[in-house]
Amino acid sequence: MRLSPAFLWAAIILMVLRMCASSPDIIVDLSSKNLSSVPTDLPLTAEYIDLSCNHIHQLHKGDFKNIAFLRFLNMSWNGLELIETETFHDTPLLEDLDLSHNMLRNLSDQQYLLYTGNLRVINLAWNEFLNMTLGKEFSVLGKLENLTLGAKAISVGDFKNIAKAKLYCLTLSLEKKLAYEATSLIDEAMYNFFINLPVKYCAIIETSLIHMTCPKKQSPILELDFSYCALSDSIFSRIEGQETVECETLSNVKKLSLVGNNLKSLQVVSKRLQYMKSLQHLDLSINSFVYDGSFECLWPPNITVMNISSGGLTEYVFKCLPKGVEALDLQNNQISVIPPWLILKLENLSSLNLNANRFLDLPLCDNFPKMTELLLKSNSLHAPSVKKLRSCPNLKILDASHNPFTCTCPLRHFIRLGVQTEYESGLELLNWPEGYHCIYPEVVRDSKLENVWIPEISCSASLLAATILVPSVALIVTVFFLCRRLDVPWYMGMIWQWARAKHRARMRQLRPEDLVGIEFHAFVSYSQHDADWVKNFLLFNLEGPTGGLRICHHEKDFVPGKTIMENIITCVEKSRRSVFVLSAHFVKSEWCHYELYFASHQRLSQGLDSIVLVLLEPLPQYLIPSKYYQLKSMMNRHTYLEWPQDKAKQRLFWANLRAALQTDLLSEPVAETE
């Protein structure tokens, strides 16, 4: 990692904090004091002086007189235009000099450097230098380790006066638009100079550098930073005849940054770097990569940290990864899934950053057995499947925040997971609960997931069905048994017959002529074996005070001297209806058969519903003789009244029977004589 002068300055301050207590004049901070010249009362024991952010435009001989122990001097941000040759004549121990962000103009005429032979760090970036041509005075800086420069143009030969310097870090910064000498891109001398510098850390950033050559011999460089240049896929390679020769002399490089260049083919870049055997940290972010999985990638074997974020890559990138990678950054790409056909197993991968991709669900960890951190922020997760986390036994950190969650049934397990992570230490859900909100349904839009309750019963069809059906079945069974116990069906049937009888009575408009000759409300036909019930119950309830009906029956109304047949016919004709008391004895009586026959004939001839059936006792169809086919037909088509043995039900029975027989008669019965 390249250390900036500001970082070194901070480190130095930390190291001498203890010294400050005993010698308060060692460090002098006069930054941002609106000074126009170097103060004349600087402590003689000062070793670290900060005069940055003032208005000191010139430095003269004697400004630092008698400050023989000065080691660090910060003169940045002063608008400095002139530094006299002997300015640092009295500071032989000076090691770190920051002259950045000033208005110095000629980089080849910095004569004050002749008195700074002990310098290790110097920063001359962001001045008014037109080019980077270093003067001869730079050759006296034999101890120089860290050099930071910036200019508007760069040419062949600009750095020849530091060719023997053993630089630890060289940083070239882009100031406005860096220009190259035309020939510097043809004899590749410029590239060769930089890549062959005897330094451990080399950073050339924010320049229009389009190529970098391979060192002629094994390079001591440990870290290379070519961020935000214009390098292409041909980096470090050369063409010999029809073949491309790869670079094999950068095997000591441990960290390489190619952020923000013009790299296109991920597979080709892997070939360019395949001989960097020591490479551990690789940053290829912010490039426009293309990879379709057609060709095998050839990464060096020791890469443990890799960043390919913002590269426009798809899921095929998982076929082009170093096998030993431990931390992988793939955020801001076009990945929607970790493909199931992935053969490559990343045994050592522990951290995977998939933020800002297109995942619809959590990925499986089958190919990443050591995964401890999974980042899926800002994807397209609607209802993450918590079951998939079972394939990640070592997962400790999960970030699924800022996804478009739909707060419906499939999300309830994820919500439960989030709530559990607040109390359990097994899995940390980053940004919970602030970063987790619903986008649907509208009623809970923008609500935090932890505040949304999705009932379990609404999400399980079987549970919902059981919840509805079990009480319903229980209710039906209960009602059924209660009805059976309380004879509710019988009561309902009787009420229905009573209502129908009343309705027919209202709807049927009988003409007066239809009732001419009708003297009785009903003629009763019954077996002699049932005579006691007829006399004691039927006649009493129909003719008595509660009934008020006129009933015709043979013992009272048959005319002596007439034949039985004639009496039956006469009684049927004089009665508005005929009531048949059905029983096992009834179907055995011939006279009952005749009475039923004549009553049926009258019903058919007059078109009147004149027959009322009263079932005195259960009468199965098989007990009815075949000659009673009319009775069978009537029992199948007509509703009949059943005599209840329960006295509590008999009152309703009589009410129904009276309602069926009730009508207004025109004449009183006339006694007939033979």
Side-chain angles (χ1 to χ4, degrees), residues 1-2 154 156 159 163 166-172 180 184-205 207-285 287 289-291 295-308 311 320-325:
M1 178 177 181
R2 177 171 54 83
I154 186 170
V156 176
F159 301 92
K166 297 181 179 180
L167 290 177
Y168 187 77
C169 179
L170 173 64
T171 302
L172 305 179
Y180 289 104
S184 67
L185 298 180
I186 301 175
D187 56 16
E188 298 184 349
M190 183 65 63
Y191 307 139
N192 288 331
F193 171 79
F194 287 128
I195 202 64
N196 286 290
L197 285 172
V199 297
K200 293 184 178 180
Y201 299 87
C202 181
I204 303 176
I205 58 176
T207 71
S208 53
L209 192 70
I210 63 173
H211 185 62
M212 182 51 62
T213 55
C214 180
K216 295 180 179 178
K217 59 181 181 179
Q218 197 61 243
S219 172
I221 296 177
L222 300 178
E223 293 187 13
L224 274 175
D225 188 352
F226 295 129
S227 298
Y228 301 103
C229 294
L231 296 171
S232 66
D233 293 349
S234 63
I235 184 173
F236 303 134
S237 66
R238 69 180 188 274
I239 302 297
E240 290 186 359
Q242 300 295 324
E243 295 184 358
T244 300
V245 179
E246 307 297 348
C247 182
E248 300 184 24
T249 55
L250 287 171
S251 58
N252 290 319
V253 174
K254 294 184 177 181
K255 183 176 181 180
L256 174 62
S257 178
L258 297 174
V259 178
N261 280 274
N262 290 331
L263 305 178
K264 301 296 183 183
S265 173
L266 191 62
Q267 188 267 340
V268 171
V269 171
S270 73
K271 291 177 62 178
R272 299 291 177 261
L273 309 181
Q274 62 180 307
Y275 294 109
M276 293 184 180
K277 304 300 183 183
S278 300
L279 187 61
Q280 298 176 357
H281 191 293
L282 176 61
D283 193 343
L284 299 174
S285 58
N287 282 280
F289 284 116
V290 175
Y291 181 71
F295 300 97
E296 182 182 0
C297 294
L298 303 171
W299 299 108
N302 294 315
I303 296 178
T304 57
V305 179
M306 189 174 190
N307 187 341
I308 327 179
C320 185
L321 294 173
K323 294 182 179 180
V325 66

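All residue numbers in this chain count up from 1 along the given sequence. On a predicted model such as this, the values are computed, not experimentally measured, just so you know.
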> Any idea which heavy atoms bring Ser234 and Ser237 closest together, and the distance?
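Shortest heavy-atom separation between Ser234 and Ser237 comes out as O-OG, 2.6 Å.
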> If we only count heavy atoms from C-beta on, is the Met306 to Leu284 side-chain gap below 4.5 Å?
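In short, these two side chains touch, coming nearer than 4.5 Å.
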> Are side-chain heavy atoms of Phe236 and Glu246 found at a separation under 4.5 Å?
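Side chain of Phe236 against side chain of Glu246, heavy atoms only: no contact under 4.5 Å found.
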> Is there a side-chain contact between Trp299 and Leu282 (heavy atoms, below 4.5 Å)?
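Side-chain contact under 4.5 Å: yes.
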> Between Ser219 and Thr249, does a side chain to side chain contact (heavy atoms under 4.5 Å, CB included) hold up when you go through it step by step?
CA-CA 6 Å; Ser219 172; Thr249 55; 5.5 Å; no
> Return the minimal non-hydrogen interatomic distance between Lys216 and Asn196, and the atom names on each side.
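Minimum heavy-atom contact is N-OD1, 3.0 Å.
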> Tell me, do Cys247 and Arg272 make a side-chain contact under 4.5 Å, heavy atoms counted?
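Cys247 does not reach Arg272 side chain to side chain.
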> Just wondering, do Asn252 and Ile221 contact through their side chains at under 4.5 Å, heavy atoms?
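Sidechains of Asn252 and Ile221: no contact.
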> When you compare the side chains of Ser257 and Ser227, does any donor N or O come within less than 3.5 Å of an acceptor on the partner?
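Short answer, yes.
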> Roughly how far, to the nearest 0.5 Å, is CD1 of Ile204 from CE of Met212?
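The distance works out to 4.5 Å.
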> Say whether, by atom type as modelled, one donor and one acceptor occur between the side chain of Gln218 and the main chain of Ser251 under 3.5 angstrom.
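Judged by distance alone, yes, a pair lies under 3.5 Å.
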> Yes or no on side chain to side chain contact (heavy atoms under 4.5 Å, CB included) for Asn302 and Leu279, after CA distance, side-chain angles and deciding distance?
CA-CA 6 Å; Asn302 294 315; Leu279 187 61; over 6 Å; no
> Which of parallel (below 30°), tilted (30 to 60°) and perpendicular (above 60°) describes Tyr191 and His211?
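Perpendicular: the ring planes of Tyr191 and His211 meet at over 60°.
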> Between Val269 and Phe289, is there a side-chain heavy-atom distance shorter than 4.5 Å?
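Of all side-chain heavy-atom pairs linking Val269 with Phe289, at least one is under 4.5 Å.
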> Please answer whether the main-chain N or O of Leu263 pairs with a side-chain N or O of Asn261 as donor and acceptor at a distance below 3.5 Å.
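No: the side chain of Asn261 does not pair with the backbone of Leu263.
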> Would you mind reporting whether Ile308 and Leu321 have side-chain heavy atoms less than 4.5 Å apart?
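Counting from C-beta outward, Leu321 and Ile308 do come under 4.5 Å.
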> About how many Å separate SG of Cys320 and CG of Leu266, when rounded to the nearest 0.5 Å?
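These two atoms lie 4.0 Å from each other.
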> Tell me the closest heavy-atom pair linking Gly241 and Ile239, and the distance in Å.
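Shortest heavy-atom contact: O-CG2, 3.5 Å.
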> Quick one: are Ser232 and Lys264 in side-chain contact, heavy atoms under 4.5 Å?
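SC-SC contact between Ser232 and Lys264 ruled out.
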> Taking Asn192 for the side chain and Thr213 for the main chain, is one N or O donor matched with an acceptor at less than 3.5 Å?
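No; judged by distance alone, with no hydrogens or angles, the pair does not exist.
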> Applying side chain to side chain contact (heavy atoms under 4.5 Å, CB included) to Tyr275 and Leu250, what does each step give before you reach the verdict?
CA-CA 7 Å; Tyr275 294 109; Leu250 287 171; over 6 Å; no
